[in-house]
Amino acid sequence: MKPRLPPIGNAWSKLPRIVRDLSHELGKKIDLVMHGAETELDRQVLELIKDPLTHMVRNSADHGLEMPEDRVASGKQQTGKIVLEAFHEGGHIIIKITDDGRGLNSEKIKKKVVESGLASEAELEGMSKQQIQNFIMRAGFSTAEKVTNVSGRGVGMDVVRSNIEKIGGTIVLTSEEGEGSTFTIKIPLTLAIVSALIVECCGERFAVPQTSVVELVRASTNNNSDHTIEMINGSPVLRLRDHLLPLVHLNEIMRLETAADEVADRSEVKGSEEFIIVIQVASFVFGIVVDRVFDTEEIVVKPIAPILKNLSIFSGNTILGDGSVIMILDPNGIAAMSGDAVVNSDDASKEEASQARTQDEKIALLVFRAGGKDPKAVPLSLVARLEEIDVGTIEEANGKKVVQYRGQLMPLTTIDDDIEIKEEGRQPVLVFSDQDRTMGLVVEEIVDIVEDQLDVEMISDIDGYVGSAVIREKATDIIDVGYCLSKCFGSWFGDAETRPFGDNGGKQKVLLVDDSPFFRNMLVPLLKTAGYDVSTAENGAEALKKRDTGETFDIIISDIEMPEMDGFTFAEEIKGDDRWNGTPIVALSSHTTPGDFDRGRAVGFSDYIAKFDRDSLMSALSQTLKECGSAK
């Protein structure tokens with residue numbers, strides 16, 4: 001092995017002269033520092049890595065380092081530094097190329113990406129900074145403003161990444177604008193002897209280089225397992241630690257026939273468990289499903305026969321101790337060949353992000369029965385407590401049924417007048433509470449608490465109901481909480497003396513803008529019960545039509561997530577026009593991160609309230625109107 005492992009310094013010998021020539025050509029002062037030149041690696045790897053290293057150093061000098069006057073202006077020394085470093089780490093060689101230059105400009109990259117059609121602005125919004133920076137490794141991508149003999153030719157980092165991946169290596173970029181960039185290359189120590197994992201598929205054994213193996217997972221099709229296999233858009237994925245991992249079956253890649261090919265449902269033959277090898281290729285992580293996993297072995301790599309050169313899924317072959325010849329799989333080739341499952345693994349990430357957004361849109365609902373077998377539901381956030389009261393404690397007061405509850409009288413009501421309270425035993429009650437007032441809604445049975453999307457499909461004309469929706473695959477009536485409150489208390493949120501009034505002695509006017517009929521039907525009764533004069537609009541465009549006709553309001557409540565014109569755009573439209581720019585706006589949203597709050601304040605929202613947080617909404621309305629009144 002000794003003659004096969006020359007020092008990496010042999011590949012670095014020409015770099016000082018290249019940097020010196022670039023320094024004169026570009027008019028920059030460049031200092032090249034090299035550490036670890038004595039680090040040994042395979043001669044074959046050394047030859048393959050020489051050109052990529054040269055290109056990356058030239059790239060750092062041209063793109064990375066600023067002109068001397070620019071460096072001085074930004075508080076740096078005139079001389080820019082490029083540091084080349086190499087060291088051993090766990091059977092690999094790590095090579096780092098670092099510069100202290102300008103770093104990558106994410107906004108400039110975004111603009112170039114959109115111009116090149118590689119991604120839309122909407123897709124870029126959902127990407128991290130590192131994902132955006134990685135576009136510089138796409139084929140033909142360049143941010144150079146003009147073509148020179150150094151850069152701007154459209155041949156760059158994509159070739160570097162391709163050459164490194166050919167030898168089973170990876171390249172990772174980290175960059176901070178104004179501080180510099182670092183490229184970290186991880187390559188195998190040698191291509192002659194590698195540690196490999198021996199696996200079996202359809203009776204055939206294969207070797208998988210262990211440098212690409214992240215972990216081994218035994219997965220199950222049983223939903224009760226920690227690691228479960230699911231289907232998204234017809235493709236299998238593994239739910240692993242709350243992330244979706246795209247899967248490929250080795251027998252399908254190899255076109256090996258199994259008994260499972262003869263039936264529609266693979267699980268009928270394969271059973272309830274699968275062996276999955278989690279593989280990482282550069283930034284892509286995916287799983288290969290195999291029948292059996294043996295052990296790891298140190299294998300001597302034999303070059304692949306010329307007749308098989310066109311098969312990218314093989315990197316070579318080897319002879320095991322028992323004399324059998326097996327093929328060595330190339331994870332990069334499998335990633336490329338598996339097509340939609342892996343190379344477009346961004347789709348799986350997008351699907352996961354979509355699922356996360358869908359999860360955000362789900363709300364907790366209390367499902368119960370009252371007045372029949374059909375289920376009914378109410379948002380759980382509106383319910384203060386669930387109680388079972390002894391019917392023997394129910395009394396009559398002021399013509400209403402009441403019960404002594406926590407030191408005060410709590411009135412009881414039902415959704416329908418024909419619902420009868422039990423004559424004996426215990427009666428389930430939903431308790432609604434606001435400050436020192438409570439009310440009990442009598443139900444027959446509390447069924448469950450579920451999280452589901454709420455899409456009211458049939459609007460109800462019956463008092464006490466918003467409409468009907470499909471909850472857990474069952475048609476469910478959604479009750480109108482505002483109706484129940486007003487039925488029990490004439491003034492749930494305050495006495496007549498404390499209700500809000502406008503400057504002219506009338507009720508203060510509120511405009512509620514929300515595309516969801518459910519929220520409009522739920523909030524309108526609550527706001528009217530609190531003493532407000534309420535108008536509604538389905539979207540921002542409809543609300544702006546009210547402005548154009550000369551209508552005025554004391555305060556506006558706007559949803560954020562609306563089609564065509566979202567709440568942020570709506571707020572900007574209001575603040576940009578003299579007619580309503582003095583009207584306070586309160587935002588309602590299911591997304592309540594600090595970033596959402598900051599953006600809401602930036603566009604002019606007076607307050608930002610989570611949907612279904614009734615107490616905070618009423619408090620915000622009262623406080624905002626009071627502050628606006630005192631300001632006047």
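Given the structure is predicted, the values throughout are model-derived calculations rather than measurements. Residues: numbered from 1 along the sequence shown.
Between I276 and G287, the shortest heavy-atom contact is CG2-CA, 3.9 Å. Residues T296 and S195 come closest through the heavy atom pair CB-OG, 4.4 Å. The heavy-atom pair separating S315 from L329 by the smallest distance is OG-O, 3.8 Å.
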Criterion side chain to side chain contact (heavy atoms under 4.5 Å, CB included) on I449 and L365, from CA distance to verdict: CA-CA 6 Å; I449 295 174; L365 297 165; over 6 Å; no
Trace of the side chain to side chain contact (heavy atoms under 4.5 Å, CB included) decision for H35 with L84: CA-CA 6 Å; H35 299 295; L84 199 57; over 6 Å; no
Check against side chain to side chain contact (heavy atoms under 4.5 Å, CB included), H63 and R58: CA-CA 8 Å; H63 286 283; R58 290 168 62 91; over 6 Å; no
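Contacts of E66 classified as salt bridge (charged side-chain N to carboxylate O under 4.0 Å, His left out), with partners at least two apart in sequence or in another chain: R71, K76. Considering only residues two or more places apart in sequence or on other chains, E125 meets the salt bridge (charged side-chain N to carboxylate O under 4.0 Å, His left out) condition with none of them. In this structure, K111 has no side-chain hydrogen bond (donor to acceptor under 3.5 Å, both in side chains) partners at least two apart in sequence or on a different chain. The side-chain hydrogen bond (donor to acceptor under 3.5 Å, both in side chains) search around T174 returns none, not counting sequence neighbours. Listed by chain and residue number, nothing satisfies the side-chain hydrogen bond (donor to acceptor under 3.5 Å, both in side chains) test with K50 (two or more places apart in sequence, or in another chain).
In this structure, M327 and L311 have side chains that are not in contact, with every pair of non-hydrogen atoms separated by 4.5 Å or more. Counting only heavy atoms from C-beta outward, the side chains of I82 and I30 approach each other to under 4.5 Å.
N251 pairs with exactly one of M254, R255, H249 by the side chain to side chain contact (heavy atoms under 4.5 Å, CB included) rule, that one being H249.
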List the atom pairs, with distances to 0.1 Å, where a side-chain N or O of residues 197-209 and a protein N or O form a donor-acceptor pair under 3.5 Å, not counting sequence neighbours.
residue, atom, partner, partner atom, Å
R205, NH2, D322, OD2, 3.0
R205, NH2, S324, OG, 2.8

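The pair K112-E107 does not meet the salt-bridge criterion, since no charged nitrogen lies less than 4.0 angstrom from a carboxylate oxygen.
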